[in-house]
Number of protein chains: 2
Amino acid sequence: MDAAFDLPLLEPDGLERVDAARNRERILSAATRLFDERGAGCVSMDEVAEAAGVGKGTLFRRFGSRAALAAAVLSERERGFQEAFIRGEPPLGPGAPARARLIAFGEALLDTLEAHTELLLAAESGPERYSHPAHVVHRLHVTLLLREADPRCDAELLADTLLAALGADLFIHLRGLQGMSLQRLKEGWGELVGRTVPAIEPRSVDHAPTEPSAGAARTAAELAAAEPAEI
Amino acid sequence: MDAAFDLPLLEPDGLERVDAARNRERILSAATRLFDERGAGCVSMDEVAEAAGVGKGTLFRRFGSRAALAAAVLSERERGFQEAFIRGEPPLGPGAPARARLIAFGEALLDTLEAHTELLLAAESGPERYSHPAHVVHRLHVTLLLREADPRCDAELLADTLLAALGADLFIHLRGLQGMSLQRLKEGWGELVGRTVPAIEPRSVDHAPTEPSAGAARTAAELAAAEPAEI
DNA sequence: CTACTAAGCGGACCTCAGTCCGATTGGGTG
DNA sequence: CACCCAATCGGACTGAGGTCCGCTTAGTAG
(Lines give C-alpha, C1' and ligand atoms only; values in the text may rest on other atoms or scores of the structure.)
Protein backbone atom coordinates (compact mmCIF):
# COMPACT_ATOMS: atom_id res chain seq x y z
CA MET A 1 0.00 0.00 0.00
CA ASP A 2 2.15 2.76 1.32
CA ALA A 3 5.28 0.89 0.38
CA ALA A 4 4.79 1.03 -3.38
CA PHE A 5 6.90 4.08 -3.88
CA ASP A 6 9.29 3.06 -6.62
CA LEU A 7 9.77 5.32 -9.59
CA PRO A 8 7.73 3.87 -12.43
CA LEU A 9 10.45 4.52 -14.97
CA LEU A 10 13.11 2.58 -13.15
CA GLU A 11 11.11 -0.45 -12.11
CA PRO A 12 8.67 -1.02 -14.94
CA ASP A 13 7.98 -4.69 -14.35
CA GLY A 14 5.84 -6.27 -11.68
CA LEU A 15 2.95 -3.98 -10.90
CA GLU A 16 2.38 -2.69 -14.39
CA ARG A 17 -1.04 -2.56 -15.90
CA VAL A 18 -1.42 -4.88 -18.87
CA ASP A 19 -2.18 -2.12 -21.35
CA ALA A 20 0.82 -0.20 -20.08
CA ALA A 21 3.07 -3.21 -20.56
CA ARG A 22 1.71 -3.81 -24.03
CA ASN A 23 2.35 -0.22 -25.02
CA ARG A 24 5.85 -0.28 -23.63
CA GLU A 25 6.63 -3.30 -25.76
CA ARG A 26 5.11 -1.71 -28.83
CA ILE A 27 7.08 1.46 -28.38
CA LEU A 28 10.35 -0.29 -27.80
CA SER A 29 10.03 -2.52 -30.83
CA ALA A 30 8.81 0.27 -33.07
CA ALA A 31 11.68 2.48 -31.99
CA THR A 32 14.19 -0.29 -32.51
CA ARG A 33 12.89 -0.93 -36.00
CA LEU A 34 12.79 2.70 -37.02
CA PHE A 35 16.22 3.44 -35.62
CA ASP A 36 17.63 0.50 -37.51
CA GLU A 37 15.92 1.40 -40.75
CA ARG A 38 16.63 5.08 -40.99
CA GLY A 39 19.24 5.69 -38.37
CA ALA A 40 18.42 7.33 -35.09
CA GLY A 41 18.42 11.08 -35.47
CA CYS A 42 16.32 10.84 -38.61
CA VAL A 43 13.37 9.61 -36.59
CA SER A 44 11.11 12.00 -34.74
CA MET A 45 9.23 11.12 -31.61
CA ASP A 46 5.94 11.68 -33.43
CA GLU A 47 6.93 9.01 -35.89
CA VAL A 48 7.80 6.56 -33.16
CA ALA A 49 4.48 7.21 -31.48
CA GLU A 50 2.59 6.72 -34.72
CA ALA A 51 4.47 3.55 -35.64
CA ALA A 52 3.87 2.16 -32.18
CA GLY A 53 0.20 3.03 -32.39
CA VAL A 54 0.19 5.09 -29.21
CA GLY A 55 -0.23 8.75 -28.43
CA LYS A 56 2.64 11.08 -27.92
CA GLY A 57 1.73 11.53 -24.29
CA THR A 58 2.10 7.82 -23.68
CA LEU A 59 5.47 7.77 -25.36
CA PHE A 60 6.81 10.52 -23.15
CA ARG A 61 5.15 9.14 -20.05
CA ARG A 62 7.07 5.93 -20.43
CA PHE A 63 10.44 7.15 -21.59
CA GLY A 64 10.71 10.76 -20.53
CA SER A 65 12.78 12.03 -23.41
CA ARG A 66 14.15 11.26 -26.79
CA ALA A 67 17.59 10.60 -25.38
CA ALA A 68 16.21 8.25 -22.78
CA LEU A 69 14.34 6.29 -25.42
CA ALA A 70 17.51 5.85 -27.42
CA ALA A 71 19.28 4.80 -24.27
CA ALA A 72 16.58 2.27 -23.53
CA VAL A 73 16.90 0.72 -26.98
CA LEU A 74 20.65 0.65 -26.56
CA SER A 75 20.35 -0.97 -23.19
CA GLU A 76 18.31 -3.87 -24.50
CA ARG A 77 21.21 -4.71 -26.72
CA GLU A 78 23.73 -4.39 -23.96
CA ARG A 79 22.14 -7.09 -21.85
CA GLY A 80 24.55 -9.70 -23.14
CA PHE A 81 27.52 -7.51 -22.40
CA GLN A 82 26.54 -7.08 -18.78
CA GLU A 83 26.05 -10.80 -18.40
CA ALA A 84 29.50 -11.35 -19.84
CA PHE A 85 31.46 -9.17 -17.48
CA ILE A 86 29.44 -10.08 -14.42
CA ARG A 87 29.16 -13.84 -14.78
CA GLY A 88 30.96 -14.77 -18.00
CA GLU A 89 34.27 -16.46 -18.68
CA PRO A 90 37.61 -14.90 -17.76
CA PRO A 91 39.28 -12.66 -18.55
CA LEU A 92 36.08 -10.63 -18.84
CA GLY A 93 34.23 -12.47 -16.11
CA PRO A 94 35.37 -13.35 -12.60
CA GLY A 95 38.46 -15.49 -12.17
CA ALA A 96 41.13 -13.41 -13.85
CA PRO A 97 43.23 -10.81 -12.04
CA ALA A 98 41.58 -7.43 -11.69
CA ARG A 99 43.86 -5.64 -14.08
CA ALA A 100 43.30 -8.18 -16.84
CA ARG A 101 39.56 -7.98 -16.30
CA LEU A 102 39.69 -4.23 -16.51
CA ILE A 103 41.52 -4.34 -19.81
CA ALA A 104 39.13 -6.93 -21.18
CA PHE A 105 36.20 -4.85 -19.99
CA GLY A 106 37.41 -1.79 -21.85
CA GLU A 107 38.05 -3.70 -25.02
CA ALA A 108 34.64 -5.28 -24.92
CA LEU A 109 33.02 -1.92 -24.27
CA LEU A 110 34.87 -0.46 -27.22
CA ASP A 111 33.48 -3.29 -29.32
CA THR A 112 29.93 -2.49 -28.32
CA LEU A 113 30.54 1.18 -29.02
CA GLU A 114 31.79 0.25 -32.46
CA ALA A 115 28.70 -1.83 -33.05
CA HIS A 116 26.19 0.83 -32.02
CA THR A 117 27.77 4.09 -33.06
CA GLU A 118 24.61 5.07 -34.85
CA LEU A 119 22.44 4.92 -31.78
CA LEU A 120 25.02 6.58 -29.60
CA LEU A 121 24.64 9.80 -31.53
CA ALA A 122 21.04 10.05 -30.45
CA ALA A 123 21.44 8.85 -26.91
CA GLU A 124 21.99 10.92 -23.84
CA SER A 125 25.08 13.04 -23.98
CA GLY A 126 25.21 15.43 -21.09
CA PRO A 127 25.86 15.06 -17.40
CA GLU A 128 22.68 12.95 -17.20
CA ARG A 129 24.59 10.30 -19.03
CA TYR A 130 26.34 9.40 -15.79
CA SER A 131 23.10 8.64 -14.05
CA HIS A 132 22.03 6.12 -16.62
CA PRO A 133 21.61 2.62 -15.14
CA ALA A 134 24.04 1.12 -17.63
CA HIS A 135 26.72 3.59 -16.67
CA VAL A 136 26.03 3.05 -13.01
CA VAL A 137 26.60 -0.66 -13.45
CA HIS A 138 29.80 -0.06 -15.38
CA ARG A 139 31.04 2.32 -12.71
CA LEU A 140 30.32 -0.11 -9.93
CA HIS A 141 32.09 -2.87 -11.78
CA VAL A 142 35.17 -0.78 -12.46
CA THR A 143 35.18 0.62 -8.95
CA LEU A 144 35.23 -2.85 -7.41
CA LEU A 145 37.96 -4.04 -9.75
CA LEU A 146 40.07 -1.00 -8.93
CA ARG A 147 39.58 -1.45 -5.23
CA GLU A 148 40.63 -5.05 -5.61
CA ALA A 149 43.74 -4.19 -7.58
CA ASP A 150 44.78 -1.26 -5.45
CA PRO A 151 42.93 -0.75 -2.18
CA ARG A 152 44.72 2.51 -1.55
CA CYS A 153 43.47 4.40 -4.57
CA ASP A 154 40.45 6.66 -4.79
CA ALA A 155 38.49 4.01 -6.61
CA GLU A 156 35.21 5.90 -7.13
CA LEU A 157 36.89 8.87 -8.70
CA LEU A 158 39.33 6.85 -10.72
CA ALA A 159 36.55 4.65 -12.02
CA ASP A 160 34.63 7.55 -13.50
CA THR A 161 37.84 9.04 -14.77
CA LEU A 162 38.87 5.89 -16.58
CA LEU A 163 35.37 5.34 -17.90
CA ALA A 164 35.50 8.80 -19.41
CA ALA A 165 38.16 7.42 -21.71
CA LEU A 166 35.53 4.99 -22.99
CA GLY A 167 32.78 7.58 -23.33
CA ALA A 168 30.57 7.60 -26.39
CA ASP A 169 31.36 11.17 -27.38
CA LEU A 170 35.06 10.61 -27.20
CA PHE A 171 34.74 7.37 -29.11
CA ILE A 172 32.82 9.01 -31.90
CA HIS A 173 35.35 11.78 -32.07
CA LEU A 174 38.43 9.58 -32.10
CA ARG A 175 37.04 6.82 -34.26
CA GLY A 176 34.92 8.80 -36.67
CA LEU A 177 36.25 12.30 -36.89
CA GLN A 178 39.91 11.57 -36.20
CA GLY A 179 39.81 8.24 -37.94
CA MET A 180 41.75 6.20 -35.41
CA SER A 181 41.46 2.44 -35.74
CA LEU A 182 39.59 0.33 -33.22
CA GLN A 183 42.81 -1.55 -32.65
CA ARG A 184 44.62 1.63 -31.73
CA LEU A 185 41.95 2.62 -29.26
CA LYS A 186 42.15 -0.77 -27.62
CA GLU A 187 45.89 -0.52 -27.33
CA GLY A 188 45.52 2.94 -25.88
CA TRP A 189 43.14 1.61 -23.26
CA GLY A 190 45.45 -1.25 -22.42
CA GLU A 191 48.32 1.18 -22.08
CA LEU A 192 46.32 3.50 -19.86
CA VAL A 193 45.14 0.76 -17.55
CA GLY A 194 48.59 -0.77 -17.58
CA ARG A 195 50.11 2.42 -16.29
CA THR A 196 47.35 3.27 -13.89
CA VAL A 197 46.62 -0.02 -12.21
CA PRO A 198 49.24 -2.20 -10.51
CA ALA A 199 49.75 -5.57 -12.21
CA ILE A 200 49.45 -7.86 -9.23
CA GLU A 201 46.96 -7.12 -6.53
CA PRO A 202 48.92 -6.58 -3.32
CA ARG A 203 48.68 -9.80 -1.28
CA SER A 204 47.81 -8.71 2.20
CA VAL A 205 47.89 -4.96 2.18
CA ASP A 206 47.71 -3.39 5.61
CA HIS A 207 44.26 -1.91 5.21
CA ALA A 208 41.60 -1.18 2.68
CA PRO A 209 40.45 2.42 3.15
CA THR A 210 36.86 2.13 4.34
CA GLU A 211 35.38 -1.10 3.11
CA PRO A 212 36.72 -3.98 5.16
CA SER A 213 36.19 -6.86 2.76
CA ALA A 214 37.89 -7.21 -0.59
CA GLY A 215 38.52 -10.21 -2.77
CA ALA A 216 38.01 -11.76 -6.15
CA ALA A 217 34.58 -13.12 -5.33
CA ARG A 218 33.37 -9.76 -4.12
CA THR A 219 32.88 -8.13 -7.45
CA ALA A 220 30.59 -10.77 -8.81
CA ALA A 221 28.65 -11.05 -5.60
CA GLU A 222 28.00 -7.39 -5.10
CA LEU A 223 27.06 -6.90 -8.70
CA ALA A 224 24.82 -9.93 -8.73
CA ALA A 225 22.88 -8.39 -5.87
CA ALA A 226 22.33 -5.05 -7.53
CA GLU A 227 22.16 -6.53 -10.92
CA PRO A 228 18.92 -7.43 -12.65
CA ALA A 229 19.26 -3.80 -13.73
CA GLU A 230 16.49 -3.06 -16.17
CA ILE A 231 19.20 -0.88 -17.64
CA MET B 1 39.25 37.89 -54.74
CA ASP B 2 39.25 34.19 -55.30
CA ALA B 3 41.50 33.60 -52.33
CA ALA B 4 39.03 34.70 -49.67
CA PHE B 5 37.73 31.27 -48.95
CA ASP B 6 37.96 31.00 -45.16
CA LEU B 7 34.93 29.96 -43.22
CA PRO B 8 33.38 33.13 -41.83
CA LEU B 9 32.67 31.54 -38.48
CA LEU B 10 36.22 30.54 -37.77
CA GLU B 11 38.01 33.65 -38.93
CA PRO B 12 35.70 36.50 -38.02
CA ASP B 13 38.26 39.27 -37.89
CA GLY B 14 39.99 41.00 -40.75
CA LEU B 15 37.71 41.11 -43.75
CA GLU B 16 34.50 41.57 -41.84
CA ARG B 17 32.03 44.21 -42.86
CA VAL B 18 31.66 46.92 -40.25
CA ASP B 19 27.99 46.25 -39.60
CA ALA B 20 28.79 42.58 -39.23
CA ALA B 21 31.48 43.32 -36.68
CA ARG B 22 29.21 45.66 -34.79
CA ASN B 23 26.47 43.05 -34.61
CA ARG B 24 28.88 40.35 -33.49
CA GLU B 25 29.97 42.57 -30.64
CA ARG B 26 26.41 43.40 -29.70
CA ILE B 27 25.40 39.78 -29.67
CA LEU B 28 28.35 38.67 -27.63
CA SER B 29 27.92 41.32 -25.01
CA ALA B 30 24.16 40.89 -24.80
CA ALA B 31 24.57 37.15 -24.41
CA THR B 32 27.22 37.57 -21.76
CA ARG B 33 25.05 39.94 -19.79
CA LEU B 34 21.92 37.80 -20.03
CA PHE B 35 23.74 34.62 -19.16
CA ASP B 36 25.21 36.29 -16.12
CA GLU B 37 21.94 37.80 -14.98
CA ARG B 38 19.62 34.87 -15.32
CA GLY B 39 21.89 31.96 -15.83
CA ALA B 40 22.40 30.36 -19.20
CA GLY B 41 19.65 27.88 -19.89
CA CYS B 42 17.04 30.39 -18.78
CA VAL B 43 17.78 32.56 -21.77
CA SER B 44 16.26 31.81 -25.15
CA MET B 45 17.89 32.68 -28.43
CA ASP B 46 15.00 35.01 -29.22
CA GLU B 47 15.77 36.96 -26.10
CA VAL B 48 19.43 37.23 -26.98
CA ALA B 49 18.52 38.46 -30.44
CA GLU B 50 16.13 41.01 -29.04
CA ALA B 51 18.54 42.24 -26.39
CA ALA B 52 21.27 42.53 -28.98
CA GLY B 53 18.95 44.42 -31.29
CA VAL B 54 19.46 42.06 -34.20
CA GLY B 55 17.26 39.56 -35.99
CA LYS B 56 17.24 35.90 -35.21
CA GLY B 57 18.68 35.11 -38.60
CA THR B 58 21.71 37.24 -37.89
CA LEU B 59 22.22 35.57 -34.55
CA PHE B 60 22.26 32.13 -36.09
CA ARG B 61 24.31 33.24 -39.06
CA ARG B 62 27.08 34.32 -36.76
CA PHE B 63 27.02 31.59 -34.15
CA GLY B 64 25.33 28.63 -35.72
CA SER B 65 23.65 27.28 -32.62
CA ARG B 66 22.78 27.92 -29.05
CA ALA B 67 25.56 25.65 -27.84
CA ALA B 68 28.09 27.41 -30.01
CA LEU B 69 27.04 30.78 -28.67
CA ALA B 70 27.52 29.58 -25.12
CA ALA B 71 30.88 28.21 -26.10
CA ALA B 72 31.86 31.52 -27.65
CA VAL B 73 30.99 33.39 -24.49
CA LEU B 74 32.90 30.85 -22.45
CA SER B 75 35.88 31.17 -24.68
CA GLU B 76 36.15 34.90 -24.20
CA ARG B 77 36.61 34.27 -20.54
CA GLU B 78 39.15 31.58 -21.10
CA ARG B 79 41.54 33.88 -22.89
CA GLY B 80 43.54 34.48 -19.75
CA PHE B 81 43.82 30.79 -19.07
CA GLN B 82 45.31 30.13 -22.48
CA GLU B 83 47.80 32.93 -22.01
CA ALA B 84 48.78 31.43 -18.69
CA PHE B 85 49.62 27.96 -19.86
CA ILE B 86 51.20 29.07 -23.10
CA ARG B 87 53.36 31.95 -21.95
CA GLY B 88 52.82 32.31 -18.21
CA GLU B 89 54.95 31.47 -15.22
CA PRO B 90 55.95 27.92 -14.32
CA PRO B 91 54.72 25.46 -13.32
CA LEU B 92 51.81 26.27 -15.63
CA GLY B 93 53.86 28.01 -18.28
CA PRO B 94 57.08 26.89 -19.94
CA GLY B 95 60.10 26.17 -17.79
CA ALA B 96 58.87 23.44 -15.49
CA PRO B 97 59.18 19.74 -16.29
CA ALA B 98 56.43 18.38 -18.51
CA ARG B 99 54.77 16.33 -15.83
CA ALA B 100 54.54 19.21 -13.43
CA ARG B 101 53.10 21.42 -16.15
CA LEU B 102 50.55 18.78 -16.97
CA ILE B 103 49.41 18.58 -13.38
CA ALA B 104 49.26 22.34 -13.09
CA PHE B 105 47.32 22.53 -16.33
CA GLY B 106 44.70 20.11 -15.07
CA GLU B 107 44.32 21.91 -11.78
CA ALA B 108 43.94 25.25 -13.51
CA LEU B 109 41.40 23.80 -15.91
CA LEU B 110 39.44 22.40 -12.99
CA ASP B 111 39.45 25.88 -11.48
CA THR B 112 37.99 27.41 -14.60
CA LEU B 113 35.37 24.66 -14.75
CA GLU B 114 34.46 25.44 -11.17
CA ALA B 115 34.14 29.11 -12.02
CA HIS B 116 31.90 28.64 -15.04
CA THR B 117 29.77 25.64 -14.22
CA GLU B 118 26.68 27.59 -15.08
CA LEU B 119 27.69 28.25 -18.65
CA LEU B 120 29.01 24.77 -19.15
CA LEU B 121 25.54 23.36 -18.80
CA ALA B 122 24.43 25.27 -21.86
CA ALA B 123 27.55 24.79 -23.92
CA GLU B 124 28.27 22.16 -26.48
CA SER B 125 28.16 18.66 -25.10
CA GLY B 126 28.40 16.11 -27.84
CA PRO B 127 31.14 14.89 -30.08
CA GLU B 128 31.27 18.41 -31.58
CA ARG B 129 32.77 19.49 -28.33
CA TYR B 130 36.09 18.03 -29.40
CA SER B 131 36.23 20.21 -32.48
CA HIS B 132 35.90 23.38 -30.51
CA PRO B 133 38.92 25.67 -30.88
CA ALA B 134 39.47 25.79 -27.14
CA HIS B 135 39.59 22.04 -26.91
CA VAL B 136 41.87 21.84 -29.90
CA VAL B 137 44.32 24.15 -28.19
CA HIS B 138 44.15 22.14 -24.98
CA ARG B 139 44.73 18.95 -26.87
CA LEU B 140 47.72 20.31 -28.71
CA HIS B 141 49.21 21.57 -25.47
CA VAL B 142 48.75 18.26 -23.69
CA THR B 143 49.98 16.30 -26.68
CA LEU B 144 53.21 18.23 -26.81
CA LEU B 145 53.76 17.90 -23.09
CA LEU B 146 53.17 14.17 -23.27
CA ARG B 147 55.51 13.78 -26.18
CA GLU B 148 58.12 15.66 -24.25
CA ALA B 149 57.71 13.55 -21.14
CA ASP B 150 57.51 10.23 -22.92
CA PRO B 151 58.37 10.20 -26.62
CA ARG B 152 57.36 6.58 -26.93
CA CYS B 153 53.71 6.95 -25.96
CA ASP B 154 50.76 7.45 -28.29
CA ALA B 155 50.56 11.11 -27.38
CA GLU B 156 47.57 12.12 -29.50
CA LEU B 157 45.37 9.39 -28.17
CA LEU B 158 46.56 9.73 -24.61
CA ALA B 159 46.00 13.48 -24.71
CA ASP B 160 42.35 13.14 -25.58
CA THR B 161 41.98 10.34 -23.11
CA LEU B 162 43.42 12.35 -20.26
CA LEU B 163 41.46 15.43 -21.25
CA ALA B 164 38.31 13.36 -21.03
CA ALA B 165 38.98 13.22 -17.31
CA LEU B 166 38.66 17.00 -17.27
CA GLY B 167 35.53 17.12 -19.41
CA ALA B 168 32.72 19.44 -18.49
CA ASP B 169 30.08 16.72 -18.27
CA LEU B 170 32.18 14.60 -16.00
CA PHE B 171 33.04 17.60 -13.86
CA ILE B 172 29.41 18.53 -13.41
CA HIS B 173 28.57 14.98 -12.52
CA LEU B 174 31.36 14.46 -10.01
CA ARG B 175 31.28 17.90 -8.48
CA GLY B 176 27.58 18.64 -8.54
CA LEU B 177 25.69 15.37 -8.53
CA GLN B 178 28.18 13.26 -6.62
CA GLY B 179 29.31 16.13 -4.47
CA MET B 180 33.04 15.52 -4.60
CA SER B 181 35.22 18.40 -3.48
CA LEU B 182 37.33 20.40 -5.88
CA GLN B 183 40.34 19.40 -3.82
CA ARG B 184 39.57 15.73 -4.31
CA LEU B 185 39.23 16.14 -8.05
CA LYS B 186 42.57 17.89 -8.20
CA GLU B 187 44.22 15.15 -6.21
CA GLY B 188 42.64 12.58 -8.49
CA TRP B 189 44.07 14.36 -11.51
CA GLY B 190 47.49 14.55 -9.92
CA GLU B 191 47.32 10.87 -9.10
CA LEU B 192 46.25 9.97 -12.63
CA VAL B 193 48.98 12.00 -14.29
CA GLY B 194 51.48 10.78 -11.74
CA ARG B 195 50.79 7.21 -12.68
CA THR B 196 50.48 7.77 -16.37
CA VAL B 197 53.38 10.05 -17.12
CA PRO B 198 57.00 9.36 -16.18
CA ALA B 199 58.43 11.82 -13.67
CA ILE B 200 61.66 12.75 -15.38
CA GLU B 201 61.71 13.21 -19.10
CA PRO B 202 64.15 10.63 -20.45
CA ARG B 203 67.48 12.43 -21.06
CA SER B 204 68.59 11.26 -24.45
CA VAL B 205 66.15 8.61 -25.42
CA ASP B 206 67.19 6.65 -28.50
CA HIS B 207 64.57 8.13 -30.75
CA ALA B 208 61.47 10.20 -30.72
CA PRO B 209 58.86 8.44 -32.91
CA THR B 210 58.26 10.79 -35.83
CA GLU B 211 58.95 14.34 -34.78
CA PRO B 212 62.70 14.86 -34.61
CA SER B 213 62.88 17.83 -32.27
CA ALA B 214 61.66 17.90 -28.70
CA GLY B 215 62.42 20.23 -25.86
CA ALA B 216 61.00 22.57 -23.31
CA ALA B 217 60.90 25.53 -25.68
CA ARG B 218 59.01 23.59 -28.30
CA THR B 219 55.63 23.64 -26.69
CA ALA B 220 55.51 27.38 -26.35
CA ALA B 221 56.85 27.94 -29.83
CA GLU B 222 54.45 25.65 -31.62
CA LEU B 223 51.51 26.93 -29.69
CA ALA B 224 52.51 30.53 -30.19
CA ALA B 225 52.39 29.93 -33.91
CA ALA B 226 48.94 28.41 -33.95
CA GLU B 227 47.78 30.50 -31.14
CA PRO B 228 45.92 33.78 -31.49
CA ALA B 229 43.03 31.31 -31.55
CA GLU B 230 39.84 33.31 -31.68
CA ILE B 231 38.61 30.44 -29.59
C1' DC C 1 27.73 61.31 -57.52
C1' DT C 2 25.43 57.14 -59.49
C1' DA C 3 25.09 52.53 -60.40
C1' DC C 4 26.05 47.93 -59.28
C1' DT C 5 26.80 43.68 -56.56
C1' DA C 6 27.41 40.67 -53.13
C1' DA C 7 27.50 40.21 -48.27
C1' DG C 8 24.62 40.88 -44.60
C1' DC C 9 20.12 41.39 -42.38
C1' DG C 10 15.78 40.09 -40.07
C1' DG C 11 11.49 38.26 -39.07
C1' DA C 12 7.97 35.07 -40.77
C1' DC C 13 7.84 30.26 -40.80
C1' DC C 14 8.72 25.31 -39.83
C1' DT C 15 9.77 21.31 -37.12
C1' DC C 16 9.91 18.88 -33.20
C1' DA C 17 10.65 17.84 -28.23
C1' DG C 18 8.04 18.01 -24.37
C1' DT C 19 3.47 19.33 -21.51
C1' DC C 20 -1.47 19.29 -20.17
C1' DC C 21 -5.82 17.77 -19.22
C1' DG C 22 -10.24 15.68 -20.27
C1' DA C 23 -11.67 10.99 -21.79
C1' DT C 24 -10.91 6.10 -21.12
C1' DT C 25 -10.24 1.73 -19.06
C1' DG C 26 -8.06 -1.78 -16.01
C1' DG C 27 -8.97 -4.24 -12.09
C1' DG C 28 -10.22 -4.53 -7.35
C1' DT C 29 -14.54 -4.15 -3.96
C1' DG C 30 -19.15 -4.82 -1.98
C1' DC D 1 -22.68 -8.01 -11.62
C1' DA D 2 -22.41 -3.06 -10.83
C1' DC D 3 -19.49 0.42 -9.12
C1' DC D 4 -15.56 3.21 -8.34
C1' DC D 5 -10.98 5.08 -8.25
C1' DA D 6 -6.80 5.64 -9.93
C1' DA D 7 -3.59 4.78 -13.42
C1' DT D 8 -3.27 5.34 -18.19
C1' DC D 9 -4.12 7.22 -22.71
C1' DG D 10 -3.71 10.43 -26.54
C1' DG D 11 -3.88 14.39 -29.25
C1' DA D 12 -4.17 19.38 -29.08
C1' DC D 13 -1.05 22.90 -27.57
C1' DT D 14 3.27 25.44 -26.38
C1' DG D 15 7.78 27.12 -26.70
C1' DA D 16 12.22 27.21 -28.53
C1' DG D 17 15.81 26.08 -31.86
C1' DG D 18 16.88 26.56 -36.48
C1' DT D 19 15.89 27.76 -41.68
C1' DC D 20 14.49 30.58 -45.70
C1' DC D 21 14.21 34.18 -48.72
C1' DG D 22 13.11 38.82 -50.15
C1' DC D 23 14.99 43.40 -48.59
C1' DT D 24 18.82 46.47 -47.22
C1' DT D 25 23.27 48.32 -47.19
C1' DA D 26 28.43 48.43 -47.22
C1' DG D 27 31.95 48.83 -50.33
C1' DT D 28 33.56 49.44 -55.27
C1' DA D 29 33.89 50.75 -60.02
C1' DG D 30 33.12 54.20 -63.45
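In what follows, chains carry the letters A, B, and so on, assigned in the order in which the sequence lines appear, proteins first and then strands, with residues in each chain numbered from 1. Heavy atoms only: backbone and side chains are in, while hydrogens, waters and symmetry mates are out.
Considering only the side chain of A:T58, D:dC9 comes nearest among C:dT19, D:dC9, C:dC9.
Using a 4.5 Å cut-off on side-chain heavy atoms (C-beta onward), A:D160 and A:R139 make contact. Within the 4.5 Å cutoff, side-chain heavy atoms of B:L69 are placed close to those of B:I27.
With a 6.0 Å radius and a threshold of 12 heavy atoms from other residues, nucleotides or ligands, A:E89 has its CD atom at or below the threshold. Under a cut-off of 6.0 angstrom, the local environment of CD in B:E128 is crowded, with over 12 non-hydrogen atoms contributed by other residues, nucleotides or ligands.
As a whole-Å value, the separation of B:R26 CZ from C:dG8 C1' is 14 Å. The interatomic distance linking A:F60 (CZ) with C:dC16 (P) rounds to 12 Å, in whole Å. To the nearest angstrom, P of D:dG10 lies 12 Å from CZ of A:R62. Distance CG (B:L59) to C1' (C:dG11): 13 Å, rounded to an integer number of Å. With rounding to whole Å, B:F63 atom CZ is found 16 Å from D:dG17 atom C1'. The CZ atom of A:R66 sits 10 Å away from the P atom of C:dC16 (whole-angstrom rounding).
Nearest approach of A:L113 to A:G167, heavy atoms of both residues: CD1-O, 4.5 Å.
No N or O donor and acceptor, one from the side chain of A:K56 and one from the base of D:dA12, sit under 3.5 Å apart.
In this structure, CG in A:L109 is found 5.0 Å from CG in A:L166, a value given to the nearest 0.5 Å.
Under the rule for a salt bridge (charged side-chain N to carboxylate O under 4.0 Å, His left out), the partners of B:E47 that lie at least two apart in sequence or sit in another chain are B:R38. Partners of B:H138 under the ring-ring contact (aromatic ring centres under 6.0 Å, His included) rule, at least two apart in sequence or in another chain, are B:F81, B:F85, B:F105. Residues that satisfy the ring-ring contact (aromatic ring centres under 6.0 Å, His included) test with B:Y130, not counting sequence neighbours, are A:H173, B:H135.
A:R175 contributes a side-chain N or O that, together with a main-chain N or O of A:M180, makes up a donor-acceptor pair within less than 3.5 Å. Judged by distance alone, the side chain of A:R101 and the main-chain N or O of A:L92 form a donor-acceptor pair under 3.5 Å.
Near DNA chain C, meaning a heavy atom under 4.0 Å away, the residues from residues 37-50 of chain A are A:S44, A:M45, A:D46.
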Nucleotide N/O of nucleotides 21-28 of chain C paired with protein N/O under 3.5 Å:
from   : atom 1 : to    : atom 2 : distance (Å)
C:dG27 : OP1    : A:V18 : N      : 3.2

Taking N or O atoms only and anything under 3.5 Å, show me the protein contacts with nucleotides 2-5 of chain D, one pair per line.
none

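In this model, the phosphate group of C:dG8 is not approached by any side-chain N or O of B:N23 to a distance below 4.0 Å at OP1 or OP2.
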